[in-house]
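Note sheet for the following structure.
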Amino acid sequence: MHTKFIVVTGGVLSGVGKGTVTASVGRLIKNQGYSVTAVKIDPYINIDAGTMRPTEHGEVFVTEDGGETDQDLGTYERFLDVDLLKEQNITTGQVYETVIHKERNLEYNGKCVEVIPHIPMEVKRRIKTVCEKQKAEFCLVEVGGTIGDYQNVLFLEALREMRLEGEGVIFVHVGYLPIPNNLGEMKTKPMQRSVRDLNSIGIQPDFLVTRSSKPLDDVRKEKLSLFCNVKPDDVISCPDVGYIYEVPPLFDRQTFCSKILAKFGMKYKQGTMKEWDSMINKIKDLTKEVRIGIIGKYFDIGNFTLEDSYISVIEAIKHACWSNNAKPKIAWVDSKQFEKDPKTLSKLKEFDGIIIPGGFGSSGVEGKIDAIGYARKNNIPFLGLCYGMQLAVIEFARNVCGLEDANSTEINKNTKHPVIDILPEQKKIVEECRYGATMRLGAYKAKLRKGTKVHSLYGKDEISERHRHRYEVNPDYIEKLEKKGLVFPGRSPNGVLMEFIELPEHPYFVATQAHPEFKSRPGKPAPLFDGLIKACLNRK
Ligand code: GLN
């Protein structure tokens, strides 16, 4: 298979939506009838995203095969509707680790191993291997970081070499055009400078994508064309949109896909975006609102909230709302306020439903437990994800089973009632401080019990969801919990691990040890999110 490559680089600032641009181009090409995959290159030394703080780096996205990857892989999966492999997120750490390992094994035949050519060689090998495995006719390669950064130069060098070596490679450069308040005018200079920087490492972009709050006008398009050596037709405007899913049609209207295919000497088929367009038109017209509160801790990064730390949860809420013809209204609630002032719990009544997402450590945990208790007693629809399920079990153990000190050993090692406990094999890993890529990760099957709410939502006896955790419901407490009415509707195939809980008398009190948000796609909502939104609408 001879794969064609579309490399996406970024200029001026980070966070301009390179991932969305990459995924949108991929979707347009997929709709032309080609098999498309995507690779994200991250310049950090970490082997994977699993050891990075989500409030700084964004969500850790878990793949089917248990990769702890950059959140952009989630964007690719949602846009392309494919499952990606963990090796589709390449980091500097992985590349150096392999090269050093090969050197120790004499695989370079006694040569002096050097940064150039051996590091770019390994980068190219990794990209091509992924494309072969995925049988990709097209591969999007997104280079993390910004042009001018010290860290991504070797990756760009690898991609430059690929084009020189005759692989079909085109370059799309995405940059930000600021409109300073005091000027009120869109400025192109930073973008021009970033293209110069790209030129200085031997890369001439084929296309420019201009990110800004407003559309690009012809005057500035001409200017960018002249100074960046790109035809005016190949400068694509990408202003802010209401929903990221509007970007593929926005590009299609500018015949971006047709222009890309033309660069590869390929023809464009008209009318392949009809279904996507009608999805967008539908969601833009929605008026009925569903108010969802996500209870967590988000305020760790100065005065700003980084919603990216739960991006898959947010997208899953949107998908489920749209499928139920409703418009999501999502609010962030800091659980610590409930610890300071329990009266504020009554604020939860303002929501149609609440979600407690995944998390680690003890900060804000008591507030989350209080919120779960409030939702349980006041019939507020509740969905718990991973930590959210563990905390719901703790709440139930304490307040319904009367196990006063019940806790997770993650929070209190010496608790009298460790209703949530670490798996024996995990204990050893933690004692030896082997934290990287050692959680229970990736897709695991679960058997569902007929007649339960969870079974009816999935509509089948066996399901598979993605996981990322070390702790589990302690089997010693299951009988006690069940006796008081907590139902475990789904377990691991060997029956040992509790994968779901529900309360039958409650309008919607469902939680899972898994992360169903990772498999939600537009038009194919995750069943438990779908159930939550339906319960919210019923209650209204
Ligand atoms: N901290 C919990 C565990 O490790 C939950 C993890 C999560 O929510 N992803 O089991």
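Below, each value reflects all heavy atoms present in this structure, side chains not excepted, and no hydrogens, waters or symmetry copies. Throughout, numbering of the chain's residues begins at 1 and tracks the sequence. In each ligand, atom 1 is the first atom listed, and ligand 1 is the first ligand listed.
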Original post:
Do ligand 1 and His515 have nitrogen or oxygen atoms that lie under 3.5 Å from each other?
Top reply: yes

Subject >> Atom CD of Glu425: over 12 foreign heavy atoms under 6.0 Å >> reply: yes

Original post:
Could Asp81 and Arg27 be called an ion pair, given the rule that one side-chain N must be under 4.0 Å from one carboxylate O?
Top reply: no

Subject >> Nearest protein heavy atom with distance in Å, relative to atom 7 (C) of ligand 1 >> reply: Cys386 SG, 3.1 Å

Original post:
Can a non-hydrogen atom of Arg440 be found less than 4.0 Å from any atom of ligand 1?
Top reply: no

Original post:
So with a 6.0 Å cut-off around NZ of Lys288, is the heavy-atom count from everything else above 12?
Top reply: yes

Original post:
Does CZ belonging to Arg104 count more than 12 external heavy atoms closer than 6.0 Å?
Top reply: no

Original post:
Considering only the protein, which heavy-atom contact is closest to atom 5 (C) of ligand 1, and what is its distance?
Top reply: Gly359 O, 3.4 Å

**OP:** Check the angle between the aromatic planes of Phe382 and Phe509 and answer parallel, tilted or perpendicular using the 30° and 60° thresholds.
**Re:** tilted

Subject >> Met439 to ligand 1, any heavy atom closer than 4.0 Å >> reply: no

Subject >> atom 4 (O) of ligand 1: the protein heavy-atom neighbour that sits closest, reported with distance to 0.1 Å >> reply: Arg470 N, 3.0 Å

Original post:
Does Lys427 NZ have over 12 foreign heavy atoms under 6.0 Å away?
Top reply: no

Original post:
For ligand 1, which part of His469 has a heavy atom less than 4.0 Å away: the side chain, the backbone, both, or neither?
Top reply: both

Original post:
Can you tell me which residue and heavy atom of the protein come closest to atom 9 (N) of ligand 1, and the distance to 0.1 Å?
Top reply: Arg468 O, 2.8 Å

Subject >> Atoms of ligand 1 close to Gly358 [distance to a heavy atom under 4.0 angstrom, numbered from 1] >> reply: 8 (O)

**OP:** Applying salt bridge (Lys or Arg N to Asp or Glu O under 4.0 Å) between Asp83 and each of Lys519, Lys133, Arg521, report the one that passes.
**Re:** Arg521

Original post:
How far is atom 2 (C) of ligand 1 from its nearest protein heavy atom, and which residue and atom is that?
Top reply: Glu410 OE1, 3.2 Å

**OP:** Using a cut-off of 6.0 Å, state whether more than 12 heavy atoms not belonging to Glu432 lie near its atom CD.
**Re:** yes

**OP:** Do me a favour and list the nearest non-hydrogen protein atom to atom 10 (O) of ligand 1 with residue, atom name and distance?
**Re:** Tyr471 N, 2.9 Å

